[in-house]
Novice: 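The structure's right below; bear with me while I get my questions together.
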Amino acid sequence: MNFQIYNTLTGNKEDFTPLQAGKIGMYVCGVTVYDYCHVGHARAGVVFDTIFRYLKHIGYDVTYVRNFTDIDDKIINRANEQGVAWDEITRKFIDAFYEDMDRLNMERPNLEPKATECIPEMIDMISTLEKQGKAYSVDGDVYYSVSSFADYGCLSKRKREDLLAGARVEVDDRKRDPLDFALWKKSKPGEPSWESPWGPGRPGWHIECSAMGQKFLGKVFDIHGGGKDLVFPHHENEIAQSCGATGSAPVRYWVHNGFVNINKEKMSKSLGNFFTIRDILDKYHPEVLRWFLLSSHYRNPIDFSDSNLEEAERVMVRFYEFLDDSEKVLAGFVPEPVSSENGISKVREKFREAMNDDFNTAIVQAILNEELRRLNQVRDQATKTKKKQRGPLLQELFDGLALMKEMAHILGVLIDSPSAFLESIKQKKIRELDLDTDKIETLIQERTQARSAKAWADADRFRDELTEMGVLIEDTPEGTIWKIR
RNA sequence: GGCACCGUCGCCAAGUGGCUAAGGCCGAGGUCUGCAAAACCUCUAUCGGCGGUUCGAAUCCGCCCGGUGCCUCCA
């Protein structure tokens with residue numbers, strides 16, 4: 001199964017060919033575990049989780065590696081601020097990371113190495129660079145010599161002069177060149193440290209991904225992902241280090257997701273305009289957040305706002321109401337052992353076309369919406385048809401439903417049970433509006449009585465009262481149900 | 001200052017040379033309904049501006065206007 005993927009390195013969409021037939025090695029930069037994850041991290045997670053699911057779906061044997069940066073200045077600072085051990089901080093936020101990602105239906109990568117578990121590999125790589133004169137040590141620190149790598153800037157499309165011209169880097173006279181970056185940092189007394197040929201210290205940030213990528217996926221692997229903000233300097237430096245150490249470019253396809261914006265501005269820690277995943281999941285169902293995050297192409301920025309989340313919620317409710325209704329209509333129906341297909345292979349083909357075109361999830365959502373409309377018609381028609389003649393329609397509904405779920409599951413949505421999903425939305429709204437459910441039930445009973453007496457004016461008055469509270473009434477064959485507007 | 005990117009219906013968002021510019025939200029009209037709701041049907045854009053290339057451009061090129069990101073840790 002062939003697909004196209006946008007490669008930051010070449011700036012083009014390319015036909016993907018794996019290094020080894022049928023297999024894909026994919027490394028995605030994880031998080032530095034010193035704080036709770038925000039919605040920006042959620043986007044990166046959801047995007048690559050979706051890609052992971054799809055690649056497996058089309059038959060690839062994928063090895064997905066995602067690291068934890070569990071040693072770093074920010075972690076040490078946070079530990080000092082709070083007066084706790086650094087590894088207490090990392091343990092806490094790794095736990096929190098899993099809580100958040102699990103709630104978002106994220107599949108676990110095959111390997112999730114921590115930087116501190118791969119220090120020997122990093123030291124090896126730094127030593128190799130030093131032996132070749134591509135790195136130099138100064139008083140316990142080791143720097144990479146950018147001038148040793150002619151292609152520096154190839155990923156971010158920048159020339160070394162351009163970088164220097166706009167450099168806001170503090171002048172560090174220990175570096176031979178302002179662009180040189182730390183491979184190894186000497187530790188101060190009391191800081192976490194590892195023994196090395198240069199004395200006790202800790203690895204620089206960039207070397208960890210080079211070392212871990214190579215350790216788990218080999219000197220050259222297929223896909224390396226991360227947020228756009230990692231293109232420079234992180235991934236640029238990674239290329240420099242790996243090329244320097246192994247002589248070959250480490251990654252064949254570089255894939256970067258766009259930012260989550262708030263009011264057109266990047267959501268980020270430093271701007272302080274971020275929402276943590278757990279804050280948002282208090283307000284919205286995880287699948288609502290996922291649907292929203294996949295509603296625009298992964299490379300484009302996406303604007304985070306309540307109105308956009310609310311729209312996603314309305315859409316998800318529509319899908320789940322359909323699922324809920326369909327389950328009822330299909331209750332007791334025994335499908336044909338061999339699916340009749342009913343032309344749904346065309347839909348599957350459209351789905352694959354969309355995903356094969358650089359993972360265009362926005363188009364997948366359009367396809368799902370079209371299927372929803374079509375299957376609602378089938379469902380309505382089935383309901384209107386005499387029970388004995390419903391068979392073919394129910395089969396069509398059954399097959400369509402199965403395909404809808406198959407596609408949605410790649411996006412990581414429509415996984416919850418319809419009743420659980422709808423109930424959670426309902427309860428959330430009841431809480432928000434601070435409604436009295438007993439009173440609602442009573443009013444509905446009174447309305448039902450009025451209706452059976454054909455006292456329409458009374459019935460309508462009860463309904464008006466409910467409407468004012470924000471409660472919506474639906475009279476169904478199984479009786480009156482209610483939900484929140 | 002340098003380097004990238006973006007500007008499509010009221011809103012969100014696909015489309016990157018050629019059938020009638022996807023899909024969703026909101027809105028309007030209709031079918032259904034005691035009336036509603038839900039569902040379904042119908043309706044709503046020539047693509048920031050100007051100029052160019054081309055038989056043909058939202059899609060390519062140039063300029064202008066507006067916005068963002070990166071150049072420092074950042075998904």
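Lettering of chains follows the sequences in order, A, B, ..., and the numbering in each one begins at 1.
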Novice: So what's B:rU72 paired with, Watson-Crick or G-U wobble, going by both distances under 3.5 Å?
Specialist: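 Answer to the pairing question: none, since B:rU72 forms no Watson-Crick or G-U pair.
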Novice: With both distances kept under 3.5 Å, what pairs with B:rA45, Watson-Crick or G-U wobble?
Specialist: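 Partner of B:rA45: none found under 3.5 Å.
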Novice: Would you please name every residue forming a side-chain hydrogen bond (donor to acceptor under 3.5 Å, both in side chains) with A:Glu265, sequence neighbours left out?
Specialist: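 Expected list: none.
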Novice: Looking across every strand, which nucleic acid part, if any, lies under 4.0 Å from A:Asp72 by heavy atom: base, sugar-phosphate, or nothing?
Specialist: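 Touches nothing.
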Novice: Using a 4.0 Å heavy-atom cut-off, does A:Arg66 contact any base of the nucleic acid, only the sugar-phosphate backbone, or nothing at all?
Specialist: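 The residue A:Arg66 makes no contact with any strand.
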Novice: Considering Watson-Crick and G-U wobble pairs with both distances under 3.5 Å, what does B:rG56 pair with?
Specialist: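 No nucleotide pairs with B:rG56.
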Novice: Could a donor-acceptor pair under 3.5 angstrom be found where the side chain of A:Asp460 meets the base of B:rG34?
Specialist: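 Side chain to base: pair found, below 3.5 Å.
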Novice: Indicate, with a heavy-atom threshold strictly under 4.0 Å, whether A:His297 touches base, sugar-phosphate, or nothing.
Specialist: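 The answer is sugar-phosphate, as A:His297 gets under 4.0 Å only of primed atoms, P, OP1 or OP2.
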Novice: Provide, to the nearest angstrom, the distance between the NZ atom belonging to A:Lys157 and the C1' atom belonging to B:rC5.
Specialist: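 These atoms are roughly 13 Å apart.
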Novice: So what does A:Val260 touch, heavy atoms closer than 4.0 Å: a base, only the sugar-phosphate, or nothing?
Specialist: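 Answer is base: heavy atoms of A:Val260 come under 4.0 Å of a base.
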Novice: For B:rG17, give its Watson-Crick or G-U wobble partner with both distances under 3.5 Å, or none.
Specialist: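 Looking at the geometry, B:rG17 pairs with no nucleotide.
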Novice: Using atom C1' of each nucleotide, how far apart are B:rC32 and B:rC41 to the nearest Å?
Specialist: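 It works out to 11 Å between them.
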Novice: Can you tell me, in whole Å, how much space there is between the C1' of B:rC50 and that of B:rC70?
Specialist: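 My reading of the C1' atoms in B:rC50 and B:rC70 gives 30 Å.
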Novice: Tell me which nucleotide among B:rA39, B:rC35, B:rA75 gets nearest to the side chain of A:Arg379.
Specialist: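 The nucleotide sitting nearest to the side chain is B:rA39.
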Novice: Partner of B:rC5 by Watson-Crick or G-U wobble geometry, both contacts under 3.5 Å, or none?
Specialist: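 Partner of B:rC5: B:rG67.
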Novice: Spell out, as yes or no, whether a donor-acceptor pair under 3.5 Å connects the side chain of A:Asp358 to the backbone of A:Tyr6.
Specialist: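 Yes; judged by distance alone, with no hydrogens or angles, the pair exists.
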Novice: Return whichever of A:Gln377 or A:Met267 has its heavy-atom-nearest nucleotide of RNA chain B closer to the 5' end.
Specialist: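 So the residue in question is A:Gln377.
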Novice: Would you indicate what A:Asp73 reaches in the nucleic acid, counting non-hydrogen atoms under 4.0 angstrom: base, sugar-phosphate, or nothing?
Specialist: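 Counting heavy atoms under 4.0 Å across all strands, no contact is made by A:Asp73.
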Novice: Could you measure between the two P atoms, the one in B:rG10 and the one in B:rG27, and give it in whole Å?
Specialist: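 To the nearest whole Å, 16 Å.
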Novice: Just name whichever nucleotide pairs with B:rA39, Watson-Crick or G-U, keeping both distances under 3.5 Å, else none.
Specialist: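 B:rA39 is paired, partner B:rU31.
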Novice: Rounded to whole Å, please give me the gap between OH in A:Tyr6 and P in B:rA4.
Specialist: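 For the pair A:Tyr6 OH and B:rA4 P, the rounded distance is 11 Å.
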Novice: Say whether, by atom type as modelled, one donor and one acceptor occur between the side chain of A:Arg390 and the main chain of A:Thr383 under 3.5 angstrom.
Specialist: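 Pair found, side chain donor or acceptor close to backbone of A:Thr383.
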Novice: How would nucleotides 18-31 of chain B be written as a contact map, 5' to 3', with B for base contact, S for sugar-phosphate-only contact and - for no contact, using protein heavy atoms under 4.0 Å?
Specialist: ----BSBSS-----
Novice: Just to be sure I understand the rule, does A:Asn308 reach a base, reach only the sugar-phosphate, or reach nothing, if contact means heavy atoms closer than 4.0 Å?
Specialist: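 If one applies the 4.0 Å heavy-atom cut-off, A:Asn308 turns out to touch the sugar-phosphate alone, with no base involved.
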Novice: Could you state the OH-C1' distance from A:Tyr152 to B:rC70, rounded to the nearest angstrom?
Specialist: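 Taking OH of A:Tyr152 and C1' of B:rC70, I get 13 Å after rounding.
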Novice: Please report the distance separating the C1' of B:rU20 from the corresponding atom of B:rG30, rounded so that it comes out in whole Å.
Specialist: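 Each nucleotide's C1' atom is 24 Å from the other's.
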Novice: Of the nucleotides B:rA13, B:rC70, B:rG34, which one has an atom closest to the side chain of A:Arg158?
Specialist: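 Of B:rA13, B:rC70, B:rG34, B:rC70 is nearest to the side chain of A:Arg158.
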Novice: Taking side-chain hydrogen bond (donor to acceptor under 3.5 Å, both in side chains) as the definition, give me every residue that meets it alongside A:Glu465, ordered by chain and number, with sequence neighbours left out.
Specialist: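 Counting only residues at least two positions away or on another chain, A:Glu465 forms no side-chain hydrogen bond (donor to acceptor under 3.5 Å, both in side chains).
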Novice: Could you please name the partner base of B:rA22, counting Watson-Crick and G-U wobble pairs only when both distances are under 3.5 Å?
Specialist: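 B:rA22 is paired with nothing.
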Novice: Both A:Pro233 and A:Asn376 contact RNA chain B. Taking the nearest nucleotide for each, which residue is further toward the 5' end?
Specialist: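 In this pair, the answer is A:Asn376.
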Novice: Measure the distance from CG on A:Asn257 to C1' on B:rC6 and round it to the nearest whole Å.
Specialist: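 Nearest whole value for this atom pair: 17 Å.
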Novice: Report the distance from atom OH of A:Tyr298 to atom P of B:rA14, rounded to the nearest whole Å.
Specialist: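 Computing the A:Tyr298:OH to B:rA14:P distance gives 13 Å.
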Novice: Can you measure A:Asp325 atom CG to B:rA37 atom C1' for me and round it to whole angstrom units?
Specialist: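 Value for this atom pair: 12 Å.
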Novice: If you look only at distance, which donor and acceptor atoms sit under 3.5 Å apart when one is on a side chain in residues 225-233 of chain A and the other is two or more places apart or in another chain?
Specialist:
from: A:Lys228; atom 1: NZ; to: A:Arg299; atom 2: O; distance (Å): 2.7
from: A:Asp229; atom 1: OD2; to: A:Lys266; atom 2: NZ; distance (Å): 3.4

Novice: Looking across every strand, which nucleic acid part, if any, lies under 4.0 Å from A:Gly258 by heavy atom: base, sugar-phosphate, or nothing?
Specialist: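 The residue A:Gly258 makes base contact.
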Novice: Answer yes or no: is there a donor N or O on one side and an acceptor on the other, between the side chain of A:Glu236 and the main chain of A:Cys154, under 3.5 Å?
Specialist: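 A pair under 3.5 Å: yes.
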Novice: For atom C1', what is the distance between B:rA45 and B:rU53, given to the nearest Å?
Specialist: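 After rounding to an integer number of Å, I get 26 Å for this pair.
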Novice: Between the base of B:rC35 and the side chain of A:Asp475, is there a donor-acceptor distance below 3.5 Å?
Specialist: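 Answer is yes: a donor-acceptor pair is held.
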Novice: Just jot down the side-chain hydrogen bond (donor to acceptor under 3.5 Å, both in side chains) partners of A:Arg43, sequence neighbours excluded, or say none.
Specialist: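 Testing A:Arg43 for side-chain hydrogen bond (donor to acceptor under 3.5 Å, both in side chains), a comparison that skips the adjacent residues, returns none.
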Novice: Quote, to the nearest angstrom, the C1' distance that separates B:rG48 from B:rU8.
Specialist: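 My reading of the C1' atoms in B:rG48 and B:rU8 gives 10 Å.
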Novice: Rounded to the nearest angstrom, tell me the gap between atom CG in A:Asp306 and atom C1' in B:rC12.
Specialist: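 In whole Å, B:rC12 C1' and A:Asp306 CG are 14 Å from each other.
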Novice: Taking any heavy-atom pair under 4.0 Å as a contact, classify A:Phe259: base, sugar-phosphate, or nothing.
Specialist: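 Base, at least one base atom sits under 4.0 Å.
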Novice: Any side-chain N or O of A:Lys266 under 4.0 Å from OP1/OP2 of B:rC70?
Specialist: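 So the side-chain polar atoms of A:Lys266 do come within 4.0 Å of the phosphate oxygens OP1 or OP2 of B:rC70, strictly under.
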Novice: Got a second to check how far A:Arg373's CZ is from A:Leu368's CG, nearest 0.5 Å?
Specialist: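 Result: 13.0 Å between the selected atoms.
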Novice: Could you tell me the separation between the CZ atom of A:Arg318 and the OH atom of A:Tyr320, rounded to the nearest 0.5 Å?
Specialist: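 Nearest 0.5 Å value for the CZ-OH distance: 15.0 Å.
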Novice: Over all strands shown, is A:Gly226 touching base, sugar-phosphate only, or nothing at heavy-atom distances under 4.0 angstrom?
Specialist: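 Counting heavy atoms under 4.0 Å across all strands, the contact made by A:Gly226 is with sugar-phosphate only.
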Novice: Mind calculating the distance between CH2 (A:Trp291) and P (B:rA13) to the nearest angstrom?
Specialist: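 Atom CH2 in A:Trp291 sits about 15 Å away from atom P in B:rA13.
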Novice: Using the side-chain hydrogen bond (donor to acceptor under 3.5 Å, both in side chains) criterion, which residues pair with A:Asp464? Sequence neighbours excluded.
Specialist: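 With sequence neighbours excluded, A:Asp464 shows a side-chain hydrogen bond (donor to acceptor under 3.5 Å, both in side chains) to no residue whatsoever.
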Novice: Between B:rA75, B:rA38, B:rC70, spot the one nearest the side chain of A:Glu321, thanks.
Specialist: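 Minimum distance to the A:Glu321 side chain belongs to B:rA38.
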Novice: Please state the C1' separation for the pair B:rG15 and B:rC6 - nearest whole angstrom.
Specialist: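 To the nearest whole Å, 15 Å.
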Novice: Across the strands shown, which category fits A:Leu230 at heavy-atom distances under 4.0 angstrom: base, sugar-phosphate, nothing?
Specialist: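 If one applies the 4.0 Å heavy-atom cut-off, A:Leu230 turns out to touch the sugar-phosphate alone, with no base involved.
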Novice: Distance from A:Arg176 atom CZ to A:Ser147 atom OG, nearest 0.5 Å?
Specialist: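 Reported to 0.5 Å precision, the distance equals 8.5 Å.
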Novice: In whole Å, measure the gap between the C1' atoms of B:rG56 and B:rC65 for me.
Specialist: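 About 28 Å, rounded to a whole number of Å.
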